[in-house]
Amino acid sequence: MVFFLQLCITKGNDYRFMKHFEHFFPITDPTLIFFVVMLIILLTPIVMSKLRVPHIIGMILAGVVVGPHGFGLLEKDSSFQIFGNVGLYFIMMLAGLEMNMENFRNNKTKTVTHGILAFAFPMIIGYYLNFYVLQYGMLTSILLASMYASHTLLTYPTVMKFGLSEERSVTIAVGATAITDTLTLLVLAIVVGSFKGNLTGFYWFWMLLKIAVVFGIIIYYFPRMARTFFKRYEGSVIQFIFVMALTFLGAIIMEIIELEGLLGAFLTGLVLNRYVPKVSRLMTNLEFVGNAVFIPYFLIGVGMLVNVRLLFNGWGTIKVATTMIIVALASKWIASWATQKIFGLRALEREMIFGLSNAQAGATLAAVLVGYHLIMPDGQRLLNDDVLNGTIILILVTCIFSSFSTENAAKRMVLRTREAAEDKEETDDESILVPMRYPDIADSLMNLALMMRNPKLNRGLVGINVVYEDEETKTNLEKGRRLLDNMTSLANSMGVMMRTQVRISNNIASGIKHAFDEFEASEIIIGLHTHKDLSPRFWGDFHQNLFTGLCRQITMARVKQPFNTIRRIQVAVPSRAQYEVGFYRWLERLARVGENIECRMIFHGRNDTNELIGQYLQNRHPNVRFELNSMTHWAELPTLANSIADDHLFVVVTARKGTISYKTALDRLPEELTEHFRGNNLLIIFPDQYGDDIETITFAEPRYQEDKSAYDIIKEWFFKAKQAWTMLTAEQHAQVYDDNEEEEENI
């Protein structure tokens, strides 16, 4: 619009636009630049979807068209430099955050092997072709070969889009990227040092010392900073800013030691992995901002580097570019094929590894620019114009090839996963009900429900707020609606639908039970009350009415810190718990929580129960780290207090009276929790006890259980009466003794 207004004003009735086209381009107005970029980001996915072309390619091609070597609409100014770097750091940081660390530990041998192969094959093949075919010198051949070895996770957003970030092949490719880029940048440092004559013993000592110090700072201090910060501040905005600041801090200190900042961003994402759960508003915000703005900016900036005219500048550029493309693609495919054969991977996994590891961008650009600016004694550049131009063409071709191959492998992998899921015939009746009343604990209840839900079923949550019918009803209804609106926003921000209801009832427990039936819920997650009385009132009338009136799973939660700062989950399991119908339901829910916050789980129970727990986790959740500790008798529960720290989550699996796993020792649970676990993060789980047939409960197994039986009350009454009689007798004896003494004094 600005362009046409300017054109009309300056030329009046002269509409010969093309003649004066150059007067208005490239665009220099910041607002108009940002508008054009947003227009590209908006329209490119729409157009590319029609053409069945990956969106990433569309962004790069759009950069080619509007860039200085295309129609010249935009210049690659400082805004593209800034946002482009941020986008590259975002890709690397998200790769670290999304990586399943337990999967990485299980596949570390494969990852390291592929990283070394993906570096060695391009280096060896590239060096000989550079030296004998292109006839470059030794230093030039080595540096150019290292550029083939590096790669950028340009297509990682495609993996995230298809939800495949935890696949074994993705983990191998992502981990190998860090290895290959580190080795590439070390080769770059060695070449520069050799060129300047600095390869002395002190140089190597100083280089290794700097790397050790920087890695030590990021690995040791960053997690501690994150744990402290997340405990104190829970706002999603401030947490987002903190993660961004820490990412750039990692990039900065990595650049200080003359390595690329993208390694610092990746390492920061890796160490913050367990503090940013996959199912959290923080992760959603990071992915949204990165994919909406910064990563597209980076891709458009890459496209603006491409100069198609270089293909017509002579045989030299074409020869170099062709050699570079063939070596880069062939050597990466050989490395992927070798990894597949060594470890017996599937052909589809090989394709995914190859797709992720053949795009050249970040480290490749860094190496070619450094080499281009190094002038040899004869006045020639270490990497000449042909290499610089060939590198730009290499980046374009490998990015396009990587986009197609990654998306193709991802689609086939998703289809394979869906077919496997259909074969399992998922029959879980999951429908989680979350009663909420207090805003200060509603967030923790929602986060727990989001981590416990099965994302494959893609079912929503149910949130309710029950208020008493009294003079405050109208005010409380409005408060309840606001609370549920906030929780709905939290769920929707993570792509989870939520149904809500505010209802009036004379009895809160009855209101929840009626909502449970209306919504056909399968389980309840509710906050543990904060009653100040000691253990006799631990459950409270409300909670007791709830767990004795419903025979489905109820999880009571008292979590005093964010879930992403919890380091251990310790679970106390009663004997014969495996015979309850709800055994695998609560075990499945806890396993999902353990997977989301990626912490170790320790189960304390009888050996026969532990054996079934171990088998289930190994078969259904192989990425969960767990330990099985023997606890022969429930009376040992208080001894666990010494091993449970403030940043642990203590889970107690209990039972209702009259059920298979119930024992009289469970009657002391309120006193034991109050005395030994008062300050701990706590979950108390009442499992499904009677299956779906709730009406099978009879008068022999009543719905309501009093805190104390009539026998206990009579026993206490006799005990108090005895104490009172003893005290009265003692006072009478004392009075008689005093009277005798007075008489003796009078005599």
Side-chain angles (χ1 to χ4, degrees), residues 230-240 277 279-285 430-453 459-468 472-505 508-509 511-516 519 521-531 539-540 542-543 546-547 553-566 589 592-593 596-597 649 651 680-685:
F230 289 143
K231 280 185 178 180
R232 294 184 179 180
Y233 306 100
E234 297 187 29
S236 58
V237 175
I238 195 171
Q239 288 185 351
F240 176 88
V279 182
S280 67
R281 179 179 286 182
L282 177 57
M283 177 61 84
T284 303
N285 291 343
E430 175 186 280
S431 177
I432 301 176
L433 177 71
V434 188
M436 290 172 282
R437 184 178 181 184
Y438 303 106
D440 54 338
I441 64 172
D443 273 355
S444 63
L445 294 178
M446 281 295 298
N447 287 326
L448 180 61
L450 288 167
M451 287 189 290
M452 283 187 170
R453 67 183 286 273
R459 294 175 184 165
L461 302 174
V462 179
I464 65 166
N465 179 269
V466 184
V467 299
Y468 283 113
E472 299 291 331
T473 299
K474 188 174 181 180
T475 302
N476 291 333
L477 283 173
E478 184 59 31
K479 290 180 179 178
R481 291 190 185 98
R482 288 200 300 267
L483 175 61
L484 293 179
D485 286 344
N486 291 335
M487 295 304 103
T488 301
S489 175
L490 171 61
N492 293 343
S493 69
M494 292 179 238
V496 178
M497 297 299 296
M498 186 168 179
R499 294 178 292 170
T500 61
Q501 182 187 81
V502 181
R503 62 190 302 150
I504 303 172
S505 178
I508 300 295
I512 294 174
K513 286 185 281 188
H514 291 154
F516 188 93
F519 288 103
S522 63
E523 58 214 273
I524 292 177
I525 297 176
I526 192 169
L528 190 61
H529 76 97
T530 55
H531 204 289
W539 302 124
F542 158 62
H543 284 82
L546 193 61
F547 70 72
Q553 179 169 299
I554 300 175
T555 302
M556 299 180 183
R558 184 186 69 198
V559 183
K560 299 184 176 182
Q561 66 186 74
F563 280 99
N564 57 342
T565 61
I566 290 175
R589 303 305 185 256
R592 291 174 191 165
V593 175
N596 275 292
I597 62 179
L649 175 63
V651 182
N680 296 109
N681 302 301
L682 183 65
L683 294 186
I684 302 174
I685 299 178

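In this chain, residues are counted from 1 in sequence order.
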Shortest non-hydrogen separation from Q561 to V559 and the atoms involved: O-CG1, 3.1 Å

Any Q239 side-chain heavy atom under 4.5 Å of R281 side chain: no

Distance, nearest 0.5 Å, that separates OG of S505 from NZ of K513: 10.0 Å

Check: S431 side chain, S522 main-chain N or O, donor-acceptor pair, under 3.5 Å: no

Nearest non-hydrogen partners of N596 and M451, listed with the distance: ND2-O, 3.3 Å

Heavy-atom side-chain proximity of V434 to L448 below 4.5 angstrom: no

CD on E523 to CZ on F516, rounded to 0.5 Å: 8.0 Å

Exceeds 12 heavy-atom contacts within 6.0 angstrom, atom NZ of K231: yes

Non-hydrogen atoms of I597 and P277 that approach each other most closely: CG2-CG, 4.4 Å

Separation between CD1 of I685 and CD1 of I554, rounded to the nearest 0.5 Å: 11.5 Å

F519 and I464, any side-chain heavy atoms less than 4.5 Å apart: yes

Polar side-chain atom of R437 near backbone of V466 as donor-acceptor pair, under 3.5 Å: no

Test item: R558 side-chain N/O and N680 main-chain N/O as donor-acceptor pair under 3.5 Å: yes

Minimum heavy-atom distance A521-L433, with the two atoms named: CB-CB, 3.9 Å

Residue pair L490 / N447, side-chain heavy-atom distance below 4.5 Å: yes

Point-to-point distance, once rounded to the nearest 0.5 Å, from CE of M436 to CD1 of I526: 10.5 Å

Atom pair CD1 (I524) and CD1 (I432), whose distance is rounded to the nearest 0.5 Å: 11.5 Å

Residue pair R499, L461: steps toward the side chain to side chain contact (heavy atoms under 4.5 Å, CB included) verdict: CA-CA 6 Å; R499 294 178 292 170; L461 302 174; over 6 Å; no

Check: K479 and N465 side chains under 4.5 Å, non-hydrogen atoms: no

Atom of N681, atom of K560 and distance for their closest heavy-atom approach: OD1-N, 2.7 Å

R589 side chain reached by E430 side chain, heavy atoms, under 4.5 Å: yes

Spacing of T488 atom OG1 and L483 atom CG [to the nearest 0.5 Å]: 9.0 Å

Closest heavy-atom pair and its distance - I525, M452: CD1-SD, 3.7 Å

